[in-house]
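Below is one structure, written out as C-alpha cells; comments come after it.
Only heavy atoms go into these numbers, but all of them, side chains included; no hydrogens, no water, no symmetry mates. One is the number of the first residue; the rest follow in order along the sequence.
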Amino acid sequence: MRLTSRVAPAALAAVAVLLLGVLPAQAQARPDRSPDRVTVGDRTYIADGQGRALQWRGFNLADKSSRGANAFADIHESDLKDMAARGFNLARLAFFWDDLEPSPGHYDRGYLAKMRRILDWADRYHVKVVLDAHQDVYGPHFGSRGIPDWATRDEGLPFTPIPDDWFSEYFEPSVQTAFDHLYKDADLRAAHARMWLTVASALGGHPALLGYDLMNEPFAKFLEGEDLPAAAARFESTELTELWNRLARAIRLVDHRSWVFVEPTVIVGVGVPTRLGRIDDPHAGYAPHFYESSMETGSDYDPNGTFIPAYEAAISDYPTRNRMPVIVGEWGGNPYVPHASQFVNDMTASMDGP
C-alpha cells in the first residue's frame with residue numbers, strides 16, 4: 001500500500017517483507033511477562049521454545065482479483081515451498097471479509113477451508129503465517145476489497161473514483177463516513193468482532209499460525225479543521241485503540257495462544273509517532289508499515305537523508321513502552337529511481353538491526 005495521500009501511483013507495487021530484529025548471540029536476554037517473548041535492552045522479541053529471539057523474513061501472499069469460488073486461486077503450494085527454499089519463514093496472508101461473510105451472519109466455510117489449506121502448506125515447509133484482514137479503500141462498495149457491502153454505510157454521500165491515485169479515495173467523504181460507522185455503530189462493531197471470532201475459532205489452533213493482523217491500514221473520518229496528523233492522533237488514541245482491544249477480546253474467547261498484531265495509521269511512515277493507547281493483551285505485537293512516500297511521486301532516494309532515522313524514531317517509542325515485538329508488514333518504494341538498490345539495502349539493514 002502507498003503511504004501518503006494525493007500522490008502518484010508507484011511505478012511498481014513493492015514486494016512486502018516482514019522482518020523481526022535478530023537477537024545478537026552475545027546479548028543477555030531476560031524472560032518477559034510472557035514465556036514466548038524476550039527483552040533485550042529496550043526491545044522485545046517473539047521467542048522460541050528455548051527463549052531465543054526469533055528473526056522473521058517473509059512475503060505477503062495476496063490474491064486480490066480472485067473472488068468467491070475462485071478465492072485464493074493465485075496462491076499455490078509452490079509459493080510456500082519456494083519461500084522456504086530461499087530461507088524465508090513468515091507469510092502475511094491477506095483475506096477479505098467481503099469474501100468470508102458475503103451476507104450478514106453467513107460465513108463461507110469453503111473460504112475458511114482454503115485458508116486452512118494454505119496454512120497446511122505453510123506448516124509443511126516450516127513457514128509461519130499471519131492472517132491479515134485486508135482492506136483497500138474500505139471495500140467493494142468503493143470498487144476495492146475488504147469490508148462487505150452490507151457493512152458499508154456512506155449516508156448516500158458521493159464517491160468519485162481516482163484511478164491514477166487510488167489512495168486519495170480514502171479522503172472521499174463517503175469513504176471516511178463508512179469507516180466512521182464501522183467504528184461507532186453497535187451492530188457493525190459486533191459484526192466485526194464476530195468475524196474475527198469466526199476466523200480464530202476455525203483456524204486458531206493451526207500449528208502454522210503465528211497470529212492475526214487485525215485490519216490493514218486503518219483509516220478514519222476527519223473532523224472539521226483537522227489535517228492528517230491531527231486526525232490520526234485523535235483517531236489512534238481513541239477509536240483505534242478501542243477497536244484493537246475489542247477485536248483482541250473477541251479472539252481471546254477462542255484462541256489464547258496466537259499473537260494479535262495492531263497497526264498504527266499510515267502517518268507513522270512520515271516520521272510521526274503513533275498515539276495508540278495500550279493494547280490490553282499479553283500477546284499483542286506492533287505492525288507498522290514502512291514506505292518512502294516521496295519516491296512514489298518520482299523522487300529519488302537520498303542515502304544521506306533523514307527518512308530511515310525518522311521512521312526508526314517514530315516507531316520505537318510505542319513498542320518499547322509497551323514491551324511489544326515489532327513486525328513490519330509492508331515496505332517499499334519506487335524500484336526505478338537511481339538509488340533504488342541502496343534504498344532496499346538501507347531498509348533491510350534497518351529492519352534487521354538489533
Side-chain angles (χ1 to χ4, degrees), residues 1 13-20 46 54 56-102 106-136 139-140 144-148 194-217 247 250-251 254-255 257-261 263 283 285 287 289 327-331:
M1 295 250 184
V15 175
V17 179
L18 306 92
L19 293 106
L20 188 65
I46 296 174
L54 292 168
W56 303 104
R57 289 191 175 95
F59 283 90
N60 276 278
L61 293 177
D63 182 357
K64 297 183 180 182
S65 59
S66 300
R67 305 181 183 222
N70 293 320
F72 302 113
D74 283 344
I75 299 175
H76 308 282
E77 181 176 357
S78 59
D79 296 324
L80 282 304
K81 182 178 180 180
D82 291 345
M83 283 177 58
R86 291 180 171 92
F88 295 103
N89 60 2
L90 185 63
R92 179 175 178 251
L93 175 63
F95 73 95
F96 302 102
W97 185 3
D98 58 286
D99 260 337
L100 174 62
E101 190 180 2
H106 293 86
Y107 296 96
D108 186 339
R109 296 295 167 179
Y111 191 77
L112 288 167
K114 291 178 180 180
M115 293 171 69
R116 176 173 288 277
R117 181 178 63 182
I118 296 170
L119 287 167
D120 289 344
W121 293 338
D123 189 47
R124 188 171 301 161
Y125 299 106
H126 309 291
V127 174
K128 292 293 186 180
V129 176
V130 173
L131 298 178
D132 161 40
H134 210 85
Q135 67 80 28
D136 295 319
S144 190
R145 302 300 311 278
I147 298 156
R194 282 196 303 271
M195 182 276 287
W196 267 118
L197 177 64
T198 300
V199 171
S201 179
L203 303 173
H206 199 285
L209 182 68
L210 179 67
Y212 313 98
D213 189 337
L214 298 179
M215 185 166 73
N216 179 71
E217 296 185 346
L247 297 181
I251 287 171
V254 293
D255 182 355
R257 175 184 62 86
S258 303
W259 291 84
V260 291
F261 294 100
E263 299 189 24
H283 293 85
H289 291 179
I327 285 182
V328 175
E330 297 181 18
W331 66 271

Query - Donor-acceptor pair between Asp213 and His134 side chains, under 3.5 angstrom - result: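 Per modelled atom types, Asp213 and His134 side chains form no pair under 3.5 Å.
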Counting C-beta onward and ignoring hydrogens, is there a side-chain heavy-atom pair between [X] and [Y] closer than 4.5 Å?
X: Leu210; Y: Phe261; value: yes
X: Leu247; Y: Met195; value: no
X: Trp121; Y: Lys81; value: no
X: Trp97; Y: Met215; value: no
X: Leu93; Y: Ile118; value: yes

Of the non-hydrogen atoms in [X] and [Y], which two are nearest, and what is the gap between them?
X: Glu263; Y: Asn216; value: OE2-CA, 3.5 Å
X: Phe88; Y: Val127; value: O-CG2, 4.0 Å
X: Met83; Y: Leu61; value: SD-CD2, 4.5 Å
X: Leu197; Y: Ala250; value: CD1-O, 3.4 Å
X: Tyr111; Y: Phe96; value: OH-N, 2.9 Å
X: Pro140; Y: Gly146; value: CD-N, 4.0 Å

**Report entry** Presence of salt bridge, Arg67 and Asp99, under 4.0 angstrom
**Finding:**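 Between Arg67 and Asp99 there is no salt bridge, as every charged N stays at least 4.0 Å from the carboxylate O atoms.
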Report task. Could you tell me whether Glu77 and Arg124 make a salt bridge, using a distance below 4.0 angstrom between a side-chain N and a carboxylate O? Result -> yes
Query - Partner set under side-chain hydrogen bond (donor to acceptor under 3.5 Å, both in side chains) for His106, not counting sequence neighbours - result: Ser103
Query raised in the report: How would you list, by chain and number, every residue that makes a side-chain hydrogen bond (donor to acceptor under 3.5 Å, both in side chains) with Asp63, sequence neighbours excluded?
Result: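 Asp63: side-chain hydrogen bond (donor to acceptor under 3.5 Å, both in side chains) contacts with Ser65, Ser66.
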Short side-chain to backbone donor-acceptor contact, [X] and [Y], under 3.5 Å:
X: Asp79; Y: His76; result: yes
X: Gln135; Y: Glu217; result: yes
X: Arg257; Y: Gly204; result: yes
X: Asn89; Y: Trp56; result: no

Which value, rounded to the nearest 0.5 Å, describes the distance between [X] atom [atom1] and [Y] atom [atom2]?
X: Leu119; Y: Leu112; atom1: CG; atom2: CG; result: 10.5 Å
X: Leu131; Y: Met115; atom1: CG; atom2: CE; result: 4.5 Å
X: Leu90; Y: Lys128; atom1: CG; atom2: NZ; result: 10.0 Å
X: Leu209; Y: Arg116; atom1: CG; atom2: CZ; result: 9.5 Å
X: Lys64; Y: Ser144; atom1: NZ; atom2: OG; result: 7.0 Å

Report task. Given side-chain contact (heavy atoms from CB on, under 4.5 Å), test Tyr212 with Asp255 step by step and report yes or no. Result -> CA-CA 11 Å; Tyr212 313 98; Asp255 182 355; 2.6 Å; yes
**Report entry** Output field: ring centroids Phe72/Phe95 closer than 6.0 Å
**Finding:**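 Between Phe95 and Phe72, which both carry aromatic rings, the centre distance is not below 6.0 Å.
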